[in-house]
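These numbers come from the heavy atoms of this one structure, side chains and all, not from hydrogens, waters or symmetry mates. By convention here, the first residue in the shown sequence is residue 1. Counting convention: from 1, in listed order, for ligands and their atoms alike.
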Amino acid sequence: MSFNFSNKINKVPPYLFAKIDAKKKEIVASGKRVFDFGVGDPDLPTWDIVIEKLKEYSSNIQYHQYPSYMGDIVFRETIAEYIKKRFNVNVLPEKNIIVLIGSKEGIAHFPFAFVNQGDIVFSPDPAYPVYRDGTYFAGGDIIKMPLLEKNNFLPDVEYFLKKHNPKIVWVNYPNNPIGVTAPDDFYKNLIELAHKYKFIIASDAAYIEIYENEKPRSIFEFDGAMDVAIEFHSFSKMFDMTGWRVGFAVGNETLIEGLGKIKKSIDSGSPTAIQMATKYGLENFISEMDNDNGFMQDMRRIYANRRKKIGSILDKFNIEPTPSHSTFYIWGKMLDGLNSEEKVAELIEKYQILLSPGTGFGESGEGYVRFSLTISDKDIDDLIQIIK
Ligand SMILES: Cc1ncc(COP(=O)(O)O)c(C=O)c1O
C-alpha cells in the first residue's frame, strides 16, 4: 500500500542539512578527507562540569520520573537570575519562563498556540528554516522579508506591514546564517510597530552568547517588549550541548502560557537530570560572566581565532566575508559570479570543502555561502596549508 504525506508536509522542502550530510557520506565513502564547514554543530565537547553533574544526577531516582512540563522551577529560577544579571531585566520564573527540549522544539511549536488557518507570519530570508516549517504545520502562511546587504541585513518590516497583517514577526539576531547583530533602533522601532499593528514578536536569540567583544542585546532590554514579545534561548551553543536538548523561552506571560499549553499536549519536557546539570552550568556561568577567563570566554576566543584564520584565505576562493563578530558563521559573498550551488559544488570538487549554499536558507541567500566554524583547528590549519 502507498501512503501520501499531508499537504502540510509536502509544502516543506527537504531539510537542508540532510542534503549536506548525504554529500559528506558520499565523499567519506570515496576515501577522501572532508573539510566540513556545513552544519552548525560545535565540534567542542560539552562543558565538563555539566557532564560531571549529568553523571551524578542520572543515578538520582528523583529525576527518573516525568519532568515538569514547564520546566523545573529551580532551573527556571536560575534562568531568571541569568536574565537579570546579563540583561538587567526582571522576570518571574513561574510566569515568564518555559524550559524547552532545545530551542528548536519551542520555535516549531510556538505557532500552534497563536496561528490560525491562513494567518500570516513574517520570516526573515535567509533564515533558520524552522520559522517557516512550524508556521506551515500550524496552517499559517509565510511572508519572507529579505535580509540584504544594502539594508545592513535588517528586514524592512514596515514595507510588508503595508500589505499584510501578521500574527507573528520572527527576528533572529545574532543572525544565522549571516552572523550580524541588530542595532538598538531596530528593536525599538519593531516594538513600536508591534504595539501599533498588534503582532507578536518572536525573537530567536540562540546565538546571543556567541560573540567576540560587544555583547548582543536581548529584546527585553527595550521598553514595551514584555507586552508583545517572546525570546528563544539555547544552551546548545552556550555549553556545547547540542546533543542534550535543552533551551528556554522567556517573555510575555500569555505567550509563555500558550506555548506551555501546546507542550502539555505534545511532550513531557527536557529530562530533569539534563535540566539540573544545565542549571549547575548556568550558575557557574553567571559567576564567571564578568571574568576574562572561563568556559565561554575560552570558547569565544576559539571561534574568533577560527574566524580570523578562515577569513584570511577566502580571497583564494573569490569569496568576501560579511563583517561579523558574533555567532560561529561566516556569510561569504561570491565575487566571481558563480551562484551559491555552483560555488558549493566547485569547493567540494577542488578541496572537499563542504559548505551550506546561501539559497538553502531562502532565495535571498543567492550569491552567498555559509561557513560554520564548528570544525577543528587542526582541520583549519591543514586546509590553510593545502590552499597555500
Ligand atoms: C538560528 C537558530 N535558532 C535555533 C536553533 C536551534 O537550536 P537548539 O534547538 O539546539 O537550541 C538553531 C540551531 O542550529 C539555530 O541556528
Side-chain angles (χ1 to χ4, degrees), residues 15-21 36-44 46-47 50 71 75 79 82 97-111 123-135 145 147 153 155 168-182 201-211 216 218-219 230-251 259 263 266-267 269-271 274-275 278 281-282 299 303 324 326-331 355-356 358 360-362 365 370-375:
Y15 199 59
L16 166 70
F17 300 114
K19 277 204 219 166
I20 295 175
D21 215 34
D36 186 358
F37 294 90
V39 183
D41 192 351
D43 59 306
L44 306 165
T46 302
W47 196 359
V50 173
F75 183 30
I79 292 171
Y82 158 71
I97 293 171
I98 184 166
V99 174
L100 303 169
I101 313 172
S103 64
K104 181 179 190 178
E105 176 266 307
I107 291 168
H109 282 147
F110 182 65
S123 165
D125 182 332
Y128 184 55
V130 185
Y131 316 137
R132 174 199 64 204
D133 300 352
T135 300
M145 306 178 292
L147 304 184
F153 299 107
I168 301 175
V169 173
W170 281 99
V171 291
N172 167 221
Y173 295 99
N175 183 271
N176 173 17
I178 302 171
V180 291
T181 51
I201 303 171
S203 172
D204 177 359
Y207 295 89
I208 205 157
E209 292 299 350
I210 314 292
Y211 59 86
S218 159
I219 196 164
I230 183 167
E231 190 169 75
F232 293 84
H233 290 250
S234 172
F235 291 107
S236 294
K237 327 283 163 159
M238 273 176 83
F239 300 160
D240 291 323
M241 49 190 305
T242 47
W244 297 103
R245 311 314 299 136
V246 60
F248 68 92
V250 54
L259 181 53
K263 283 176 62 59
I266 291 183
D267 66 64
S270 188
I274 294 177
Q275 292 189 42
T278 309
L282 190 57
M299 183 207 291
Y303 289 136
S324 159
S326 46
T327 75
F328 42 60
Y329 300 117
I330 295 178
W331 189 234
L355 302 175
S356 304
F361 302 93
R370 190 194 75 174
F371 289 75
S372 174
L373 300 170
T374 52
I375 174 171

Could you please spell out the steps behind the ring-ring contact (aromatic ring centres under 6.0 Å, His included) verdict for F75 and F235? CA-CA 13 Å; F75 183 30; F235 291 107; 5.8 Å; yes

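- Checked against the 6.0 Å centroid threshold, F232 and W170 count as a close aromatic pair.
- For ligand 1, the protein residues within 4.0 angstrom (heavy atoms only) are G102, S103, K104, I107, Y128, Y131, N172, N176, D204, A206, Y207, S234, S236, K237, R245.
- Applying the salt bridge (Lys or Arg N to Asp or Glu O under 4.0 Å) criterion to K237, with sequence neighbours excluded, gives no partner residue.
- Y207 and Y173 are not linked by any side-chain donor-acceptor pair at a separation below 3.5 angstrom, with hydrogens and angles left out of the test.
- A salt bridge does not link R245 to E105: none of the charged nitrogens lies less than 4.0 Å from a carboxylate oxygen.
- Counting only distance, with no hydrogens or angles, the side chain of T46 and the backbone of D240 share a donor-acceptor pair below 3.5 Å.
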